[in-house]
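Single-structure report; data block below.
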Protein chains: 2
Amino acid sequence: MRLLIAEDDKLHRSFLEGVARDTLPDLDDLTITSDGEDAIAAFNTSDYDSVVLDLQMPKVTGVEVAKSIWAKKPHTKILFWSNYTEEAYIRGITKIVPGAAVYGYILKSAPEEQLKLALQGVFIAEQCVIDREVRGVQQRAGDRLSGLSELEYEALIDLCLGLTDKAMAARRGVSLRGAQSRLQHLYQKLGLDKGDIPIGEWGPSFNSRTRAISLALTLGILNADALRREEENLKVWLSKAN
Amino acid sequence: MRLLIAEDDKLHRSFLEGVARDTLPDLDDLTITSDGEDAIAAFNTSDYDSVVLDLQMPKVTGVEVAKSIWAKKPHTKILFWSNYTEEAYIRGITKIVPGAAVYGYILKSAPEEQLKLALQGVFIAEQCVIDREVRGVQQRAGDRLSGLSELEYEALIDLCLGLTDKAMAARRGVSLRGAQSRLQHLYQKLGLDKGDIPIGEWGPSFNSRTRAISLALTLGILNADALRREEENLKVWLSKAN
DNA sequence: ATCGCTCTTGCGGGTTCCCGCAGTTTCTAT
DNA sequence: ATAGAAACTGCGGGAACCCGCAAGAGCGAT
């Protein structure tokens with residue numbers, strides 16, 4: 001068994017290394033990298049069947065590393081090991097996981113025992129091991145009731161990037177009214193219906209447009225990190241479209 | 001010397017404990033807590049002259065803990081130990097540090113050597129020890145040129161919470177035009193002047209109102225955590241004012 | 001085929017926002 | 001004391017946004 005680890009925090013890195021050595025008996029090779037680029041490079045120069053990825057890393061996210069890895073070898077087993085349950089990451093992962101791939105998702109705050117079980121479960125028993133909390137978010141995302149559809153999610157991103165309605169329409173290839181319609185649905189899902197916002201004597205307290213961003217952030221649908229990455233995508237589009 | 005530590009992450013906690021024991025020779029008492037409330041409780045039941053605080057903790061931030069501590073004993077030495085250089089935190093700290101207090105600010109990503117130096121510098125030599133990176137942010141915040149004034153910062157918070165102009169005006173006790181004027185200055189500082197935003201064939205790409213939020217987040221002036229706390233303040237005000 | 005669901009589009013109007021202009025107050029510095 | 005900077009205010013107009021209504025396209029299920 002050949003294992004590749006990518007994790008930027010020094011402490012967590014050495015902790016993880018220790019646990020992995022303890023838990024996995026037949027470890028032929030163990031390579032440890034501290035950012036996404038190195039991880040991809042390492043994967044391309046040698047053969048690994050198992051990978052542990054932190055999600056938040058400088059330059060290249062764990063999600064992107066996974067994408068690159070699975071594009072090359074879809075049967076690679078990947079365990080995601082992260083601090084947060086941000087819906088943005090989970091969405092990213094479920095979008096790129098190949099049909100029959102084995103993967104896991106566990107939180108750093110989980111006790112050591114759970115980490116050990118996850119390592120064995122994913123890499124030895126080849127099961128999918130997904131943390132309870134994460135599982136909750138995952139279901140909401142797939143569920144039409146409390147979660148956002150893919151289109152609404154796109155609208156949310158554009159909104160959070162600060163685009164105008166017109167720009168959204170242009171970017172997504174729909175009419176102005178189309179973009180506004182998506183926003184409207186988004187507002188509804190987030191509970192910004194007319195009745196729901198408190199009204200003081202000075203009038204309605206919230207501006208739907210900005211309040212939507214606020215909610216997305218506090219509810220953990222998006223985070224600053226994901227935003228910075230979307231900003232990159234936007235730049236690409238802007239330069240291509242101008 | 002009596003030391004109190006507050007840090008929620010298990011690994012960092014034990015790492016910090018180890019380093020502290022190694023580095024500080026005459027440690028009469030060492031208490032370790034894993035969230036802000038416990039830290040305040042511990043401080044109130046016993047006497048500590050030195051404290052190490054993580055900034056991001058559940059329920060009560062390190063900043064709030066420091067505030068409570070300094071309110072009781074302004075000469076307590078505090079070392080802040082954090083992941084990020086968010087301007088929101090730094091602003092919070094510089095606002096509450098008593099005139100002659102000794103304190104330090106160091107990043108978790110710094111090498112162990114620096115942490116040792118900071119511990120000794122703050123607790124033994126009674127110097128203020130502030131990380132280079134943090135110092136940069138601090139200066140920008142105090143500087144009128146690239147930083148935001150207190151008023152503009154307030155406006156930014158209200159904006160990020162999703163308030164309308166009218167609500168901001170009511171909350172801050174100024175006229176509608178006054179609130180809008182603050183926003184206007186904010187936009188200017190963030191580089192949202194008319195000339196600065198790219199214009200595609202479909203018109204201006206950015207909506208100043210939402211773009212300001214986007215910039216605040218990606219530049220690290222605010223984060224989701226700070227936002228959630230401001231949300232609490234807002235709720236208090238809403239119930240008091242309606 | 002027909003119903004139902006989602007997504008889209010045009011139109012119209014009411015609201016909010018953005019901001020230039022101009023006048024006033026307050027505070028600081030020389 | 002006087003000049004200058006920073007903040008607040010009212011007014012007014014142009015732009016952007018929010019959204020109800022109605023009609024149509026596409027798709028899967030009965």
Side-chain angles (χ1 to χ4, degrees), chain A residues 142-145 147-156 158-197 199-200 202-213 215, chain B residues 142-145 147-156 158-213 215:
Chain A
D143 191 356
R144 277 298 133 88
L145 284 171
L148 305 179
S149 79
E150 200 55 34
L151 288 177
E152 285 149 6
Y153 187 71
E154 273 185 3
L156 177 62
D158 289 348
L159 183 63
C160 290
L161 289 173
L163 294 181
T164 59
D165 292 3
K166 277 185 192 165
M168 294 184 203
R171 184 178 189 196
R172 305 300 181 180
V174 294
S175 73
L176 176 61
R177 188 64 181 83
Q180 293 177 328
S181 176
R182 292 183 181 185
L183 285 175
Q184 203 171 338
H185 290 145
L186 175 64
Y187 297 156
Q188 222 171 315
K189 290 271 182 78
L190 291 175
L192 291 174
D193 289 291
K194 275 191 170 162
D196 263 338
I197 60 179
I199 295 192
W202 57 84
S205 308
F206 293 121
N207 169 316
S208 347
R209 204 175 180 83
T210 47
R211 185 60 178 168
I213 304 182
L215 287 175
Chain B
D143 192 356
R144 278 299 134 89
L145 283 172
L148 305 179
S149 79
E150 203 53 34
L151 288 178
E152 285 149 5
Y153 187 70
E154 272 185 3
L156 177 62
D158 288 348
L159 183 64
C160 290
L161 288 173
L163 295 180
T164 59
D165 292 2
K166 277 184 191 165
M168 293 185 205
R171 183 178 190 195
R172 304 301 182 181
V174 295
S175 73
L176 175 62
R177 188 63 182 85
Q180 292 178 329
S181 178
R182 290 184 182 185
L183 286 177
Q184 204 170 337
H185 289 144
L186 175 65
Y187 296 155
Q188 223 170 315
K189 287 271 182 76
L190 291 176
L192 291 174
D193 290 290
K194 275 192 170 163
D196 262 338
I197 60 180
I199 295 192
E201 45 192 86
W202 57 83
S205 308
F206 292 121
N207 169 317
S208 346
R209 203 174 182 83
T210 47
R211 185 59 177 169
I213 304 182
L215 287 176

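Chain letters run A, B, ... following the sequence lines, proteins first and then strands; every chain starts at 1. Please read these numbers as outputs of a predicted model, since none were measured by experiment.
Protein atom CG of A/Asp165 is 14 Å distant from nucleotide atom C1' of C/dT15, rounded to whole Å. Distance CZ (B/Arg209) to C1' (D/dC17): 11 Å, rounded to an integer number of Å. Rounded to whole angstrom, the span from the CG atom of A/Leu192 across to the P atom of D/dC17 amounts to 17 Å. Between B/Leu183 atom CG and D/dA6 atom C1' the separation is 17 Å, expressed in whole Å. A/Lys166 has its NZ atom 14 Å from the P atom of D/dC18, to the nearest Å. Between the CZ atom of B/Arg211 and the P atom of D/dA16 there is a distance of 17 Å, given to the nearest Å. Following rounding to the nearest Å, B/His185 (NE2) and D/dT9 (P) show an atom-to-atom distance of 13 Å. To the nearest angstrom, C1' of C/dC21 lies 11 Å from CD of B/Gln184.
Considering only residues two or more places apart in sequence or on other chains, A/Asp165 meets the salt bridge (charged side-chain N to carboxylate O under 4.0 Å, His left out) condition with A/Arg209.
One finds the CZ atom of B/Arg211 at 9.5 Å from the OG atom of B/Ser205 (value rounded to the nearest 0.5 Å). With values rounded to the nearest 0.5 angstrom, B/Gln184 atom CD is found 8.5 Å from B/Gln180 atom CD. Distance CD/B/Glu152 to OG/B/Ser181: 9.5 Å, rounded to 0.5 Å. To the nearest 0.5 Å, atoms CG (B/Leu192) and CG (B/Leu183) are separated by 11.0 Å. Taking CD1 of A/Ile213 as the reference point, atom CG of B/Leu161 lies at 12.0 Å (rounded to 0.5 Å).
Side-chain proximity of B/Ser181 to the nucleotides D/dA7, D/dC18, D/dT9 is greatest for D/dT9.
Each of B/Met168, B/Arg171, B/Arg172 was checked for a side-chain contact (heavy atoms from CB on, under 4.5 Å) with B/Glu154, and the lone residue meeting it is B/Arg172. Exactly one residue among B/Leu156, B/Leu163, B/Asp158 makes a side-chain contact (heavy atoms from CB on, under 4.5 Å) with B/Cys160. That residue is B/Leu156.
Counting heavy atoms from C-beta outward, B/Arg182 and B/Leu186 have side chains that stay 4.5 Å or more apart.
Within the 4.0 Å cut-off from OP1 or OP2 of D/dC8, at least one side-chain nitrogen or oxygen of B/Arg182 is found. An OP1 or OP2 oxygen of C/dC17 is reached within less than 4.0 angstrom by a side-chain nitrogen or oxygen of A/Asn207.
Contact check of residues 172-180 of chain A against DNA chain C (heavy atom, cut-off under 4.0 Å) returns A/Val174, A/Ser175, A/Arg177, A/Gly178.
Rotation axes derived from the C1' atoms of the five outermost pairs at either end of the helix from C/dA1-D/dT30 to C/dT30-D/dA1 lie 40° apart, to the nearest 10°.
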